[in-house]
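Since the structure is predicted, the reported quantities are computational estimates derived from the model, not experimental observations.
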Amino acid sequence: MSDALSQLLAKQEILEVVVRYARAIDRLDEALLRTLFHPESTHNHFYEGPSSAPDRLATDDDPGDFVRYAMAVLKAHARTHHQLGNTLIELTGETTAHVETYFTAFHKMRGAGDPLAGPDAFDTEMDFFVGGRYLDKFELRDGQWKIIHRTGMTDWMRLDPPSARGMSALDASVVGQRFPDDFIYQLSSV
């Protein structure tokens with residue numbers, strides 16, 4: 001295989017990890033999210049510590065890893081939608097890469113009356129938007145590209161009163177759900 005083809009295949013595999021991250025976060029698919037990180041991967045994106053350490057004990061002050069932190073935070077939102085933008089993949093060696101991915105994330109925050117609302121909930125639902133970039137270091141091990149370190153950069157944030165119109169008129173079968181109820185998990189049986 002040519003060197004150029006090998007590089008293209010590596011970049012495609014890395015891009016698929018980045019895209020699977022968006023699915024895992026928005027569907028609250030913990031198992032999928034854990035597959036994207038090497039065991040000693042670290043995180044610095046609203047949480048600083050191990051990315052995925054399922055055996056690490058959680059405490060009142062520390063959820064133990066980013067995956068548990070993200071699952072807990074995002075459950076306080078009725079829905080989320082991470083839109084990925086520019087992705088620049090720079091192969092820095094045969095088994096290493098630096099990746100910068102722009103993102104825009106929408107979060108429908110639950111209102112204070114919702115039993116699943118977080119401690120910082122407002123009286124009503126709120127629309128919370130974040131724009132930023134994932135700065136990832138990737139490594140290839142045992143034939144798999146995975147994240148070894150992620151730093152999340154926040155470029156802007158916006159918090160607005162809810163503005164969704166028409167969502168209640170949609171048939172439930174076409175509204176995005178969380179794992180395992182979303183249609184994406186039913187595709188193999190269709």
Side-chain angles (χ1 to χ4, degrees), residues 15-37 43-49 51-52 58-87 99-136 147 150-187 190:
L15 180 60
E16 289 179 18
V17 170
V18 173
V19 172
R20 281 195 302 272
Y21 175 84
R23 176 186 286 175
I25 284 290
D26 289 334
R27 304 286 69 88
L28 290 185
D29 187 338
E30 181 176 347
L32 176 59
L33 188 57
R34 289 194 182 282
T35 68
L36 308 177
F37 305 102
H43 229 86
N44 186 4
H45 183 58
F46 297 108
Y47 170 83
E48 191 167 351
S51 298
S52 177
T59 67
D60 290 340
D61 298 330
D62 182 359
D65 68 4
F66 171 78
V67 172
R68 266 191 240 117
Y69 168 82
M71 294 295 113
V73 167
L74 296 178
K75 284 179 184 172
H77 298 80
R79 62 186 65 256
T80 62
H81 182 93
H82 288 67
Q83 188 70 43
L84 303 177
N86 306 340
T87 300
V99 181
E100 177 185 37
T101 303
Y102 282 68
F103 72 88
T104 304
F106 165 77
H107 307 77
K108 173 65 75 183
M109 297 175 69
R110 298 177 189 276
D114 187 319
L116 296 177
D120 58 346
F122 292 84
D123 290 339
T124 182
E125 288 185 334
M126 295 294 282
D127 292 342
F128 178 47
F129 300 88
V130 179
R133 293 165 291 134
Y134 302 125
L135 305 180
D136 295 325
I147 300 168
R150 168 166 284 179
T151 298
M153 302 299 295
T154 301
D155 293 327
W156 57 269
M157 294 179 3
R158 181 176 174 161
L159 183 64
D160 292 325
S163 61
R165 293 192 179 178
M167 283 292 290
S168 61
L170 295 176
D171 186 273
S173 67
V174 296
V175 174
Q177 303 295 319
R178 297 206 162 141
F179 177 83
D181 301 319
D182 191 81
F183 186 69
I184 193 68
Y185 299 102
Q186 316 317 314
L187 281 178
V190 174

Chemist: Run the salt bridge (Lys or Arg N to Asp or Glu O under 4.0 Å) test against Asp171 and tell me which residues pass, sequence neighbours left out.
Modeler: none
Chemist: Could you tell me which residues satisfy side chain to side chain contact (heavy atoms under 4.5 Å, CB included) with Glu48, sequence neighbours excluded, listed by chain and number?
Modeler: Asn44
Chemist: Mind checking salt bridge (Lys or Arg N to Asp or Glu O under 4.0 Å) for Asp26 and listing every partner two or more places apart, or none if nothing turns up?
Modeler: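 Testing Asp26 for salt bridge (Lys or Arg N to Asp or Glu O under 4.0 Å), a comparison that skips the adjacent residues, returns none.
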Chemist: Taking only residues two or more places apart in sequence, or in another chain, which ones meet Ser52 in a side chain to side chain contact (heavy atoms under 4.5 Å, CB included)?
Modeler: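 Result, side chain to side chain contact (heavy atoms under 4.5 Å, CB included) vs Ser52: Arg34, Phe37, Pro54, Asp65, Val67.
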Chemist: Who are the side-chain hydrogen bond (donor to acceptor under 3.5 Å, both in side chains) partners of Asp61, not counting sequence neighbours?
Modeler: none
Chemist: With Arg150, which residues qualify under side-chain hydrogen bond (donor to acceptor under 3.5 Å, both in side chains), at least two apart?
Modeler: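 With sequence neighbours excluded, Arg150 shows a side-chain hydrogen bond (donor to acceptor under 3.5 Å, both in side chains) to Asp136, given in chain and number order.
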Chemist: What residues, two or more places apart in sequence or in another chain, satisfy ring-ring contact (aromatic ring centres under 6.0 Å, His included) together with His77?
Modeler: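 Only His107 meet the ring-ring contact (aromatic ring centres under 6.0 Å, His included) criterion with His77.
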Chemist: Could you pull out all residues at least two apart from Thr104 that satisfy side chain to side chain contact (heavy atoms under 4.5 Å, CB included)?
Modeler: Trp156
Chemist: Test of understanding: with ring-ring contact (aromatic ring centres under 6.0 Å, His included), list the residues that count as partners of Phe129, not counting sequence neighbours.
Modeler: Phe106
Chemist: Of all residues at least two apart in sequence or in a different chain, which pass the side chain to side chain contact (heavy atoms under 4.5 Å, CB included) check with Thr35?
Modeler: Leu32
Chemist: Gln177: which residues meet the side-chain hydrogen bond (donor to acceptor under 3.5 Å, both in side chains) condition with it, sequence neighbours left out?
Modeler: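 side-chain hydrogen bond (donor to acceptor under 3.5 Å, both in side chains) list for Gln177, sorted by chain: empty.
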Chemist: Any salt bridge (charged side-chain N to carboxylate O under 4.0 Å, His left out) pairs touching residues 104-118, not counting sequence neighbours?
Modeler: Lys108-Asp127, Arg110-Asp114
